[in-house]
Novice: 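Take this structure first; my questions come after.
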Amino acid sequence: MATPPVVPASPGVVGVFDTLDALLLALRELKAKGFTGLTVHSPVPHHDIEDILDEPVSPVRLFTLIGALSGTAFGFYYAIGTSLDWELIVGGKPIVSLPAYVVIGFETTILIGALATVAGMFLNARLPKLRKAAGYDPRFSADKFGIVVMGGPAQVAAAADILRAAGAAEVNDV
Amino acid sequence: MKRRKFLQVAGVTTAGLAAGCGTGEGEKWLPYLVPDENLVPGVPTYYASTCRECPAGCGILVKTREGRPIKIEGNPHHPVNRGRLCARGQAALQGLYDPDRVSQPMRRQGERWIPISWDEALQQVSQALAAAATSGQDRVAFIGGADSGPTDALADEFVRSFRSSRRIRYEAFAHEPLREASRLVFGTASIPRYDFGAARYIMSFGADFLETFLSPTEFAGGFARSHGWHEGRMARFVAVEPRRGMTGFSADEWVAPEAGTEALLALGIANAVFRQGRARVTGGDADALRGFLARFDIATVSRQCGVASDTIERLAREFTDAEPSLAVSGGVALQHRQATQLNVAVHLLNAVAGNVGRTVTFPGTVWDRLGTFADLKGLVSAMDAGGVDVVIVHGTNPAFTAGAAGFASAFSKVQLKVALSSAMDETTALCDIVLPDHHPLEAWGLYTPVSGVTSVQQPASTPVHDTRQAADVMLQLARLANRTIGGGAEDAQQLVRRALGADANQELQRGVTTTVAAARPVRLSREFARLSFGPATFDGAETGLVLLTVPSVALYDGRGANKGWLQELPDPATKISWQTWVEVHPQTAAAASLHNGDVVTVTAGERSVEALVYVYPGVRPGVAAMPIGRGHTRYGRYATGGSNPLSLLGDVTDGSGALAFAQLRVTLTPTGRRVPLATTEGSPRQHGRGIARLAALASMGQAHEVHEPFTAAERRAIARADTAHREARYTLGDYRGEHPKWEMAIDLSRCTGCSACVTACYAENNLPVVGESQVQRHREMAWIRLERYFEGETEGTDFQVAQVPMLCQQCENAPCEPVCPVYAAYHTPDGLNGQIYNRCVGTRYCANNCPYKVRYFNWFDYGSPASPQFAFPGTLAWQLNPDVTVRTKGVMEKCTFCVQRIRYAQNEAKVSNRALTDADVQPACAQTCPADAITFGDARNPDSEVSRRKRDERGYHVFELLNTKPGVTYLTRVVHAEMAEAASGEGH
Amino acid sequence: MTRTRVTIAGGVLLGLGAVLAGVSLARGQRPQAPADTTAAQVQWGFPLPPVSGSGYSDISAAVPNGPWPELPGRLRGPEQPIFYRHDIHAGQYRIPCLYCHNNAANSFTANIPAVSTCMGCHQFIAAADSLGNPNPEIAKLVEAWNNRRSIEWVRVYKISEHAHFPHMRHVEARIACQECHGNVQQQPRVFAVRDVNNMGWCTNCHMRRGVTRDCTACHY
Amino acid sequence: MAVAVEPKVMTPRATPPTWAEVNRDIIKTLDPPGRGWFLGMAVILTGLALGALAWARQLKLGIGITGYTPPIFWGTYITTFVFWVGIAHSGTLISAVLFLFRSGWRSAVYRAAEAMTVFAVMTAGLFPILHLGRAWFAYWVAPYPNIRGLWSNFRSPLVWDIFAISTYLTVSATFLFMGLIPDIAALRDQATGWRKKIYSLLSFGWRNSNHEWRHFMRMYLFLAALSTPLVLSVHSVVSWDFAMGIVPGWHATIFAPYFVAGAIFSGCAMVITILVPLRKAFHLERYITVRHFENLAKLCLLTSSIVGYAYFTEYFIAWYSGNPFERSSFYNRVFGEYWWATWTMISCNVFIPLLLWSKKIRTSIPWLFVISLFINVGMWFERFVIIVTSLSHEFEPWQWAYYTPNIWELLIVTGSFCWFAMWFMLFIKFFPSVAIAEVKEALPPPGRTHAGGGH
């Protein structure tokens with residue numbers, strides 16, 4: 001089959017796959033060839049993809065931890081501080097009634113923890129993205145998979161071949 | 001009188017009807033022209049006067065702020081009430097500020113009333129009087145109420161000056177039979193004075209001496225002294241009556257004879273006394289009495305009355321064992337065809353027991369000079385025959401109370417009918433001209449309830465409306481008709497000052513002068529023997545129920561009906577307000593399948609009224625009882641509810657010419673409707689929860705088992721924790737340092753359930769009157785309420801009634817406090833359970849969490865004139881206590897031990913830098929309690945009265961096992977009965 | 001990974017710090033010992049350092065018999081039936097506040113002086129101003145007095161009904177009237193210098209002086 | 001409920017739908033609404049308006065226009081508050097707890113359940129304000145720095161409520177929205193015109209790329225992990241509104257678990273109530289299968305027996321404690337004036353669910369629907385019984401009373417249901433009520449025969 005001339009101008013290439021297995025094949029190949037800066041689009045996350053890419057664990061969990069801890073601190077700080085601010089005895093109970101404040105501490109833990117987590121996700125995933133992503137195809141949110149490879153002309157060309165070889169339905173420049 | 005001008009600093013905080021909205025934008029201040037040395041804005045001024053709500057004549061101190069009376073309290077110097085007051089006395093203010101008062105002279109045209117000027121009105125009346133006088137003798141009549149002193153004399157003089165002798169002092173409750181009996185037995189037509197304080201044994205034949213009989217506030221004090229448990233001794237009280245009312249609740253024993261046979265029972269007992277050889281009469285009297293009494297053979301009496309003969313024997317023994325004892329009778333409820341006989345019999349009983357001159361004396365009282373029902377009937381027939389041209393009615397309402405005499409129809413035949421009345425009541429409505437009278441709190445007078453006691457009456461306020469005091473009107477009328485009366489006095493004030501003499505001002509300040517009047521000694525007369533003694537008869541079918549018309553603690557003879565406080569005051573016996581009920585015994589009810597709230601028609605002959613059934617174990621089977629006082633057709637916005645049982649009565653009189661209030665047998669026919677009772681009663685039984693505790697006298701002294709919810713270890717732990725907390729507390733911010741701990745002790749052995757405290761609280765704390773529909777939803781706002789529980793088997797007569805005033809317990813571990821999200825409920829340094837109205841958001845959690853259920857919620861905007869539920873219409877708002885915030889809708893409120901009084905006293909003490917003492921602070925309830933059952937003070941001071949009472953062996957806290965540490969200690973009520981144990985234990 | 005540890009440690013420290021901060025903040029809020037009021041500030045609280053600003057007149061140079069203080073450019077506060085100048089009476093002539101508002105010393109409410117109080121002086125003090133022409137304001141007063149009429153002053157300060165303010169306690173505690181009412185002795189026409197219903201302002205003063213902040217001291 | 005645009009009957013096929021079909025079918029549910037939808041909406045808005053008017057009147061005249069009869073100071077409002085908080089629970093339970101437990105069947109139903117949660121909390125949140133005597137000062141309960149120097153009382157369970165409910169609302173709303181992001185992206189890629197703009201905005205430019213999925217899955221996991229204790233705490237806190245009170249019938253340690261179980265019980269029932277018509281209207285039989293309903297039914301059965309056990313324990317302890325107040329209170333529940341409420345509760349929550357033991361009934365949609373309705377009613381009555389009967393029969397016999405709600409309360413309660421329905425109706429027309437991405441996860445990816453999804 002005749003290979004169409006590669007346009008050196010293009011910064012990258014995207015391969016569109018109908019099946020997961022084809023995608024995985026291409027992905028393995030690319031990794032093997034030491035390609036970096038790969039972006040895999042798939043309608044749903046899939047552990048096979050993760051296995052091949054094997055990236056470090058997301059740091060979101062740290063946000064969760066710190067958020068939660070400061071939540072706890074804030075809860076108790078607020079409850080204790082305000083009670084001591086104006087001592088009012090109710091029901092013959094001590095001014096600082098810790099057992100009661102546990103509830104406050106707990107709720108603020110969850111609240112701030114959750115918000116921090118979400119913030120963490122947005123920061124790490126670089127969301128929101130405003131500009132169009134290179135090589136993204138609407139079908140990736142339906143039932144097609146895609147690999148975007150960025151790089152110099154040589155790499156791009158090589159990647160394109162690999163993608164085709166792996167059985168990409170389409171291989172387009174981006 | 002300028003010193004009480006309303007030119008005041010612009011209503012300095014008129015108790016915030018505007019619900020505190022920041023700056024007084026555009027509000028005007030009106031300074032005095034000349035400052036009044038004894039009136040400082042913001043500082044109350046007190047005026048001594050006399051309560052005229054009933055003939056008892058209690059001395060009062062009227063608290064005024066910026067010239068407006070805002071509270072009435074008893075005059076401590078006064079021998080009759082010793083500083084105490086009943087609910088009716090407390091409510092006198094609402095008479096003064098009655099929104100339906102007649103505000104200026106008016107002439108009637110058909111059904112319409114046209115305002116006229118005083119001059120014109122006086123002209124017309126004086127001409128009519130003159131004309132009547134010229135046209136003959138006795139063509140002028142004056143109907144007044146009980147009165148004495150110069151104004152009373154003036155009325156006589158006035159009538160005489162128009163060539164008439166028709167002057168009647170008409171009181172619906174004049175107790176003629178009692179007076180007549182005194183004449184027949186002791187030869188003096190006088191109402192006796194009773195010394196309950198000295199009596200060791202009290203037997204009441206239907207005399208409601210704690211409610212309306214003669215001088216209830218005075219009697220309550222004496223009764224509490226003798227019958228209240230003290231150092232292991234207390235008098236025994238036996239109630240002999242077919243209906244057990246509030247007075248009967250205090251009884252250790254209830255004997256319920258057949259209605260109408262009480263006289264026979266009394267004579268039977270007297271007879272027994274002789275036969276037991278215990279009579280304390282000697283000489284000829286003894287023989288005469290023995291002979292007379294022998295007629296009343298005990299077996300026969302026992303059969304007639306339905307009272308076991310050994311009971312009669314026992315009563316005779318007990319009555320004479322105790323020395324001195326006291327038997328009273330003359331209650332309106334038992335004023336039947338044999339009323340005179342009943343009073344005679346009771347007089348004899350006192351005579352044989354040797355009580356006369358000891359607990360029963362005859363100093364002469366204001367009642368002695370009252371006219372009888374027969375007198376009124378005489379006048380009625382004269383009016384009917386057209387023998388009277390001008391009738392002046394003053395301070396009484398015969399059209400309502402004397403319907404039986406056919407008053408209305410005859411009255412309408414009179415040419416000119418003049419009302420000297422401040423209310424548009426039934427009688428006034430029939431008149432042609434109304435010359436509005438001062439309220440007693442605006443008027444001058446001298447009143448002598450009992451000879452030896454002269455009680456002054458002076459204005460505590462300038463007239464609220466364009467009114468004039470009756471005495472002044474009489475003087476002016478006489479003057480216009482060219483007659484001089486009252487020794488040419490200018491006005492009533494002059495009359496009074498003249499009578500008081502040189503040191504009038506001191507008298508006015510003190511309010512009462514007492515001279516020791518030697519009680520007239522009496523000797524037995526034989527006249528009574530001519531009477532015929534037998535069971536009283538009642539008109540109507542034998543199958544019917546005997547109808548007792550009962551005077552109302554709140555409304556008296558109906559004159560209290562237009563006062564919201566009194567209408568909403570739950571009747572101490574049935575706990576119903578606003579409505580007219582008919583009491584039937586459970587058996588009777590079951591037989592006729594009647595239930596609470598069923599609307600029935602009470603029929604006697606062709607007359608009938610409607611009433612709500614209340615199934616009540618306190619009436620004998622075969623007896624029905626209805627309260628007097630409601631069912632007005634006129635008189636004002638609050639008065640027109642309910643129905644008037646008096647309208648059933650015919651003009652039947654007894655031997656003394658008194659109206660027989662008990663004369664009918666009635667039938668109850670259900671209408672099929674049922675109305676929720678406007679009652680505060682939840683469950684009439686306390687299910688052994690030990691809220692109102694009773695203890696048998698026998699069990700006192702010896703260490704009787706008191707329920708202890710905690711083990712010794714737990715108690716120690718709790719105590720440790722508490723002391724730790726207290727120590728911690730006194731180092732905290734506002735709690736630092738020494739504070740008093742305000743506490744209260746309530747002696748249930750003294751409490752009679754009279755409910756004076758309730759009305760006092762309404763007056764002091766600006767409590768709204770919410771009306772029938774809201775009371776039906778239990779939304780009444782009374783911060784202190786009287787709970788009335790039946791103890792023991794209520795089928796028969798052998799049950800006790802446990803009553804307890806329930807108010808905020810000011811718990812140290814208050815469950816209501818920690819649940820409030822906004823600190824509106826919290827604990828003050830001086831141990832109060834503070835409630836900050838303006839902080840409350842109305843979650844109502846505190847009320848849910850209060851085990852005593854003493855928190856009350858503002859369901860509507862009772863305090864805002866804009867709201868449809870506004871509770872202080874018209875001049876009623878003038879009564880509001882400026883020291884207490886009027887609560888807005890949606891906030892919780894409750895008793896605070898009258899914290900405004902505490903703070904006021906603290907400020908006074910601080911400014912005049914002296915220490916605060918318990919004497920400086922008295923909550924309204926404690927201040928007014930006629931039985932002195934409530935003690936208030938600083939519990940941290942071990943020598944204070946309240947601490948002393950707290951240590952009493954009878955002391956207990958309600959719901960001790962909740963460990964709320966209440967600040968109110970109740971002292972168990974001690975009764976002679978043995979069954980009392982039922983209620984004594986904490987519920988376990 | 002080190003970055004991780006740092007961040008964790010940071011979080012924990014932040015938490016602990018916050019708790020300590022809370023407690024210490026609360027400590028700081030504790031009422032202090034009473035601030036001693038200097039002799040200059042007691043009783044009717046004058047002389048006080050004169051303030052300047054719209055509505056105030058400068059009386060620093062005023063002497064009792066000298067010319068009346070200049071009226072400031074702008075008068076604040078509600079117009080009164082009689083243009084009674086506090087800056088002359090209280091300022092220039094140094095009449096103590098309690099001379100007229102005497103009830104402040106023995107009652108919850110400070111009174112507006114009775115007409116007779118005014119006449120006490122003004123039946124002797126000629127109704128003429130500094131320039132010698134008759135003073136219409138005093139004329140009004142005399143006229144009112146002769147007709148036994150009271151004078152409808154416009155209210156300036158009002159405490160909400162749900163708060164009870166015992167004037168006598170504060171006078172007795174020797175709090176200068178100016179503390180709440182501002183330098184009235186410099187106000188030709190009295191105006192509200194502050195919202196007296198601002199509870200925070202009450203409680204702050206109470207805390208500064210270490211007196212009670214108990215709710216039922218004012219609210220009942 | 002709404003009817004799909006073209007009413008073509010779709011019979012569940014044996015073969016699972018392909019990913020493409022999933023997108024097509026689910027996105028179809030967002031087609032312009034039909035007459036049925038608008039009709040339903042009209043009814044709902046009318047009910048809402050009536051409720052609003054009733055509340056306006058209550059604000060003007062005071063809360064006295066309701067049937068409150070002291071000492072019953074809490075009535076239908078708090079009852080309905082607890083009811084809605086309860087409803088709110090199954091949502092998070094299904095989406096978070098089942099997520100942690102990796103039970104695959106949640107994926108088809110959790111979106112609807114979660115939406116229900118959020119809207120239920122929004123509804124519940126109205127009532128604490130509604131029932132206040134001075135609703136316009138409701139914000140005083142929140143501890144905000146103010147000029148008076150006053151704070152709120154952190155000992156009060158009501159303040160705990162503020163924190164619990166607001167936290168729950170925030171977190172569950174976040175959870176719902178986070179789960180929506182990939183689906184919104186899918187919508188964006190299909191939509192055109194203004195819808196595309198909006199969805200692009202809401203999708204935050206989501207690209208289904210591994211860089212996003214990686215953090216997303218973590219975030220989702222931790223949110224689930226945080227929501228799980230939260231969901232348990234919230235209803236515990238609500239139960240402490242009562243358990244912290246000393247009222248006989250409230251003051252019990254069993255309350256927290258008892259309420260949580262009840263909440264899940266009522267929540268699952270409500271999910272069934274909502275899913276049945278939703279599934280019918282949107283022809284989602286292929287996605288929401290009988291298996292899903294059966295699992296929900298099993299959950300109901302489980303929680304029903306827990307609730308039943310809690311009832312039994314309450315009565316047993318009341319008797320066994322020997323505490324006269326407790327005894328009397330519980331006796332009054334069953335045989336007192338409120339017997340009707342108690343027996344409605346017991347039969348709806350304990351007896352009727354017993355039918356679910358039968359597989360035939362458990363797998364029959366009509367049966368389930370009817371039973372779920374009974375459970376909803378029963379759970380409302382449970383709260384009514386706990387609140388009202390306990391208060392009506394407290395320590396002080398003199399203050400025993402009887403309360404029944406009146407028209408104004410009922411109008412407001414109905415209004416609250418309409419408020420809930422309104423939000424839900426809007427939701428199903430703007431967002432996929434079945435999770436596109438997660439359904440796909442549960443299906444075999446293109447080119448495979450079995451679902452290798454999950455993580």
Side-chain angles (χ1 to χ4, degrees), chain A residues 18-22 38-50 53 55 57-58 60-61 64 68 78-79 82-83 85-86 88 90-91 93 97 100-101 103-104 106-108 110-111 113-115 117-118 120-122 124-131 133 136 138-143, chain D residues 18-20 22-23 143 149-156 159-160 163-164 166-167 170-171 174-175 178 182 185-186 188-190 204-219 222-223 225-227 229-230 233 237 240 436-438 440-441 445-448 452-455:
Chain A
D18 294 339
T19 67
L20 178 59
D21 300 323
L38 301 175
T39 307
V40 179
H41 296 278
S42 82
V44 303
H46 199 284
H47 55 83
D48 295 347
I49 303 176
E50 287 165 20
L53 290 171
E55 292 162 308
V57 188
S58 157
V60 165
R61 51 182 184 172
T64 314
Y78 210 61
T82 52
S83 322
D85 180 28
W86 187 326
L88 287 170
V90 291
K93 296 183 175 12
S97 317
Y101 301 163
V103 178
I104 309 296
F106 175 82
E107 299 297 341
T108 44
I110 302 286
L111 180 62
L115 295 177
T117 311
V118 173
M121 192 275 279
F122 273 75
N124 288 291
R126 306 281 181 279
L127 289 177
K129 287 201 184 64
L130 303 174
R131 262 176 284 91
Y136 180 73
R139 289 172 296 172
F140 294 157
S141 64
D143 59 347
Chain D
T18 66
W19 286 16
V22 171
N23 277 51
L150 288 165
W151 301 98
S152 44
N153 174 8
F154 286 97
R155 297 171 201 76
S156 166
V159 175
W160 304 350
F163 276 73
S166 51
T167 305
T170 323
V171 172
T174 320
F175 200 46
M178 287 302 123
R188 172 199 62 200
D189 296 340
Q190 303 264 337
F204 293 104
W206 177 266
R207 299 279 183 269
N208 300 319
S209 78
N210 58 323
H211 308 306
E212 293 157 349
W213 281 122
R214 178 169 147 241
H215 304 296
F216 181 89
M217 295 319 292
R218 272 288 156 185
M219 178 273 296
F222 283 118
L223 275 193
L226 286 170
S227 308
L230 177 63
S233 83
V237 169
W240 292 335
I436 299 174
E438 303 211 22
K440 283 193 278 193
E441 262 184 78
R448 289 200 187 174
H455 335 273

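Residue numbering restarts at 1 for every chain, and letters A, B, ... go by the order of the sequence lines.
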Novice: When rounded to the nearest 0.5 angstrom, what is the spacing between CH2 in D:Trp206 and OH in A:Tyr136?
Specialist: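 It comes to 10.0 Å.
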Novice: Hey, does D:Pro229 have a side-chain heavy atom less than 4.5 Å from the side chain of A:Phe106?
Specialist: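 Sidechains of D:Pro229 and A:Phe106: in contact.
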Novice: Determine the minimum heavy-atom distance between A:Ala114 and D:Leu226, stating which atoms define it.
Specialist: N-CD1, 3.4 Å
Novice: How long is the gap from CD on A:Glu55 to NE2 on D:His215, to the nearest 0.5 Å?
Specialist: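 The NE2 atom of D:His215 is 7.5 Å from CD of A:Glu55, to the nearest 0.5 Å.
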Novice: Working to the nearest 0.5 Å, report the span between CG of A:Asp85 and CG of D:Leu150.
Specialist: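 CG of D:Leu150 is found 9.0 Å from CG of A:Asp85.
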Novice: Could you look at D:Pro143 and say if it's the side chain, the backbone, both or neither that has a heavy atom under 4.5 Å from chain A?
Specialist: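 Looking at D:Pro143, backbone and side chain both touch chain A.
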Novice: Between A:Asp18, A:Leu88, A:Val90, A:Leu20, which shows the greatest number of heavy-atom pairs under 4.5 Å with chain D?
Specialist: A:Leu20
Novice: About how many Å separate OG of D:Ser209 and CZ of A:Arg126, when rounded to the nearest 0.5 Å?
Specialist: 11.5 Å
Novice: Would you check if the side chain of A:His41 reaches a backbone N or O of D:Arg207 as a donor-acceptor pair within less than 3.5 Å?
Specialist: yes
Novice: Minimum heavy-atom separation for D:Asn210 to A:Leu38, with atom names?
Specialist: ND2-O, 4.2 Å
Novice: As an exercise, state the distance from CD1 of D:Ile436 to OG of A:Ser141, rounded to the nearest 0.5 Å.
Specialist: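 Answer rounded to 0.5 Å: 8.0 Å.
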Novice: Heavy-atom pairs under 4.5 Å with chain A are the metric here; pick the option from D:Phe175, D:Phe216, D:Phe163 that has the most.
Specialist: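 It is D:Phe163.
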Novice: Are any of the side-chain heavy atoms of A:Val118 and D:Leu223 separated by less than 4.5 Å?
Specialist: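 A side-chain contact exists here, since the closest heavy-atom pair is under 4.5 Å.
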Novice: For chain D, find which of A:Leu127, A:Leu115, A:Leu130, A:Ile49 contributes the most heavy-atom pairs closer than 4.5 angstrom.
Specialist: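 When all of A:Leu127, A:Leu115, A:Leu130, A:Ile49 are compared, A:Leu127 has the most.
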Novice: Of the non-hydrogen atoms in D:Ala20 and A:Asp143, which two are nearest, and what is the gap between them?
Specialist: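 That closest heavy-atom pairing would be CB-OD2, 3.3 Å.
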Novice: Supply the atom-to-atom distance A:Ser42 OG to D:Glu441 CD, rounded to the nearest 0.5 angstrom.
Specialist: 9.0 Å
Novice: So which residue, A:Val60, A:Leu53, A:Val103, ends up with the most heavy-atom pairs under 4.5 Å with chain D?
Specialist: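 With the most close heavy-atom pairs to chain D, the winner is A:Val103.
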Novice: Who among A:Thr64, A:Thr117, A:Asn124 has the most heavy-atom pairs with chain D under 4.5 Å?
Specialist: A:Asn124
Novice: Which of the residues A:Trp86, A:Tyr78, A:Tyr101 is involved in the greatest number of heavy-atom pairs with chain D at under 4.5 angstrom?
Specialist: A:Tyr78
Novice: If every non-hydrogen atom of A:Ala100 is compared with every non-hydrogen atom of D:Arg155, which pair is closest and at what distance?
Specialist: CB-CA, 4.0 Å
Novice: For A:His46 versus D:Pro445, what's the shortest heavy-atom pair and its separation?
Specialist: NE2-CG, 4.3 Å
Novice: Restricting to non-hydrogen atoms, name the atom on D:Phe154 and the atom on A:Thr82 that form the minimum distance, rounded to 0.1 Å.
Specialist: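 In this case the closest contact between D:Phe154 and A:Thr82 is CE1-OG1, 3.0 Å.
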Novice: Do D:Asp189 and A:Arg139 have side chains that get closer than 4.5 Å, going by heavy atoms?
Specialist: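 In short, these two side chains do not touch, never coming nearer than 4.5 Å.
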Novice: Give a yes or no answer on whether the side chain of D:Trp19 reaches the backbone of A:Pro43 with a donor-acceptor pair at less than 3.5 Å.
Specialist: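 Looks like no, no N/O pair under 3.5 Å.
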Novice: Considering only heavy atoms, which portion of A:Phe122 lies under 4.5 Å from any heavy atom of chain D: side chain, backbone, both, or neither?
Specialist: side chain
